[in-house]
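Just below is one structure, and these are the notes that go with it.
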Protein chains: 2
Amino acid sequence: MELTVRQQKILAAVVELYIATGEPVGSKSLCETLDFNVSSATVRNEMSNLSDRGLLEQPHTSAGRVPTEKGYRVYIDRLMKRPGITGEEKRYIDSLILPSAYDPEKLLDGVAKVLASMTKFAAVSTTPSGESAVIRAVQLVQTSRRTAMVILMTSAGTMKSRVFHCDFDITPEILRVFFRMINEKLIGVPVASITPAYIQSLAASMGDMAIMISSALMAVAGAAQESMQSEVCLNGEINLLFYPEFGQEELRRIMDFLSRPSELCRLLSQPNNKVRVILGQESRRPELRDSSVIVSRYSIGSRDAGAIAIIGPMRMNYGRIISRVEYLSGSVGRMLTELMNME
Amino acid sequence: MELTVRQQKILAAVVELYIATGEPVGSKSLCETLDFNVSSATVRNEMSNLSDRGLLEQPHTSAGRVPTEKGYRVYIDRLMKRPGITGEEKRYIDSLILPSAYDPEKLLDGVAKVLASMTKFAAVSTTPSGESAVIRAVQLVQTSRRTAMVILMTSAGTMKSRVFHCDFDITPEILRVFFRMINEKLIGVPVASITPAYIQSLAASMGDMAIMISSALMAVAGAAQESMQSEVCLNGEINLLFYPEFGQEELRRIMDFLSRPSELCRLLSQPNNKVRVILGQESRRPELRDSSVIVSRYSIGSRDAGAIAIIGPMRMNYGRIISRVEYLSGSVGRMLTELMNME
DNA sequence: TTTAGCACTCAGTATGTAAGAGTGCTAACA
DNA sequence: TGTTAGCACTCTTACATACTGAGTGCTAAA
């Protein structure tokens, strides 16, 4: 059976009051915030009904009520009002991240910082993934008598560098030869296929040069490897210490989870349009049993590229936070698209 | 008046027992661990004496005793035995950090990770500072039709890159001109003097080229700026959650301090030979009132370059930790010296 | 369908008591 | 003179008991 309008209003009021105060809300105090006049007894009946449906629960018999996960879900999906975000705020946000928009990694790191300080939760962002990219160019630059740097550029717009060392003096001549051989063999090759074995066979195919060029090739392989992994930027974990709903044990579990980039990445990887809210158990991760995660994936051009997210207690101002995460994700996408389409 | 040998032994035993158990140590349990036979009453008298000298204190009248800051200081400076570190351990440590020894930033980041996981405290490291470095070379590499990358190499061995964008198509010709002009003007210039004003006047002096080259010069300035700051790598803050001596309030203060790189840097900047232990109030920082910091600065060649450190509760196994920090700092210095003297 | 009234439940707080650990002091001992 | 045994004293910790207040569910009347 569907919720009546009055029940919806009461559920929303409970959620909002609980978010605001952190105390279980009782029938009497709730009455005062409602925009229609009924007695506390009536409200009690309705609340009891909402409890039966699994939308509210009581910490103990004689306490007020608290939203359940399901209650939050209904609130977020159907009842919540989403306050817009003002133009001024948008400009402010953009002004904070713009200075680091010249480099994807710096940008996403900056975004995590901004997000953490704006929301007072822990913030995560992932740099654009380059798994399906191919090598666009490899540059070589001498850095000292016996060292040089390879700079790998990929179709995903990432750029990674690596220094290598030779046992002989590097001349411009040698560098030119290296450059020609490497680019000849590697342009258009997917970075994912640059395995140690591949590099070995490649070196072998170069005859006399094999030994000389191998350290350069190893450097290319290292850079390719690095270009594939999307880095995870984490910020504001400290903020979580301020929420009384998280005890020591709780915090440890969450922090431990946050320190495992690969799992974090997996959690954020599910595609979503605009914003996704993952409430407690929905994450299927015991560590996040009492937390909620707000994720938004960003795109470069029209290609899904990475994610930004915040993690905090289930009791948070969803409307406010979602707007901000959504806006920030759009901004990041726009800036990166511009950065990579510069050519 | 000096401490008698027996008093020294008792102080050391109290510190060690307290470090091991975390409980205030009483006269009776202490008796059992001493290597000479006296009654608990005698021990009580000596402990009372040590309390009068400010080396021990009681949480409350009827509790055992706990070392004071001064007590720890005496223990560390004069009583502590420092267990060596085995060759096997040394090899293990080196094997963990060697893979990232190709890049100073990666290396120091790896060191912080290793240190945190070895000690179970929060670990910090700073990358080599390049404040007094001069520009050794600037390389230019085209990265797309209208973008290129400047690579700045300094006498401190750091290498920073930055992408810049032009409003016109970049030809090899133009790049060659840029290269010549930039290197002509900038080689040997201290990075510290590359201010926006300096760059402006430099551009102005280039006549017709001024407008075209300005974005490249700005990129150089950005890279120079970045090469000066020593980055702070932080790891294992989570570990601090596991020490019962840190309460919520405590933790917040420490974490907040850890999140301010500049102050952290300042704390670690005081030169020291080998290892320095900063106990609680000695740091003159209220945030670290109950923590202790073990710092060791590393050198590149013979020049002091950066620091590695751990931060934890005052109750820690100093001997063990100091050995490890010291060894790691030596390893880092050796690896970086090698990396930078490759030419 | 709504409301007033009432009995009931339960967390939180205060109070009292008992146990236990450890001290300081005193007086006897080597 | 240094060392030890004994003892009274202090203070934390744990546990039991009683009280208070917020909030509920139910019933009966409007």
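Residue numbers begin at 1 in each chain, while the letters A, B, ... track the order of the sequences. The analysis underlying the following values was restricted to heavy atoms, covering all of them including side chains, and did not include hydrogens, waters or symmetry mates.
The side-chain hydrogen bond (donor to acceptor under 3.5 Å, both in side chains) search around Ser291(B) returns none, not counting sequence neighbours. Listed by chain and number, the residues in a side-chain contact (heavy atoms from CB on, under 4.5 Å) with Ser262(A) amount to none (sequence neighbours excluded). Scanning for side-chain hydrogen bond (donor to acceptor under 3.5 Å, both in side chains) contacts around Tyr318(B) gives Ser292(B), with sequence neighbours left out. With sequence neighbours left out, the side-chain contact (heavy atoms from CB on, under 4.5 Å) criterion links Thr42(A) to Arg6(A), Val38(A), Ser39(A). Scored by the side-chain hydrogen bond (donor to acceptor under 3.5 Å, both in side chains) test, Arg285(B) finds Glu263(B), Glu287(B) as partners (sequence neighbours excluded). Under the rule for a side-chain contact (heavy atoms from CB on, under 4.5 Å), the partners of Thr119(A) that lie at least two apart in sequence or sit in another chain are Leu115(A), Phe121(A), Ile310(A), Ile321(A).
First and last contacts of DNA chain D with chain A, using any nucleotide atom under 4.0 Å from a protein heavy atom and ordered 5' to 3', fall at dA22(D) to dG25(D).
Contact between Leu267(A) and Arg276(A) at its shortest, heavy atoms only, is O-NH2, 3.9 Å.
Look at CD on Glu46(A): it is 7 Å from P on dT2(C), rounded to the nearest Å. Whole-Å rounding puts the Ile10(A) CD1 to dT2(C) P distance at 10 Å. As a whole-Å value, the separation of Asn45(A) CG from dT1(C) P is 11 Å.
Listed by first and then second residue, the side chain to side chain donor-acceptor pair (under 3.5 Å) pairs that reach into residues 71-85 of chain B are Glu2(B)-Arg78(B), Glu16(B)-Tyr75(B), Arg73(B)-Asp77(B), Arg73(B)-Glu282(B), Arg82(B)-Glu326(B), sequence neighbours excluded. The side chain to side chain donor-acceptor pair (under 3.5 Å) analysis of residues 20-36 of chain B, with sequence neighbours excluded, yields the pairs Ser27(B)-Arg44(B). For residues 56-71 of chain B, the set of pairs meeting the side chain to side chain donor-acceptor pair (under 3.5 Å) definition, not counting sequence neighbours, comprises Ser51(B)-Arg65(B).
Using a 4.0 Å cutoff on non-hydrogen atoms, the parts of residues 21-35 of chain B near DNA chain C are Gly26(B), Ser27(B), ordered by number. Listed by residue number, the members of residues 60-67 of chain B with any heavy atom below 4.0 angstrom from DNA chain C are Thr61(B), Ser62(B), Ala63(B), Gly64(B), Arg65(B).
In this model, the phosphate group of dT26(C) is not approached by any side-chain N or O of Arg44(B) to a distance below 4.0 Å at OP1 or OP2.
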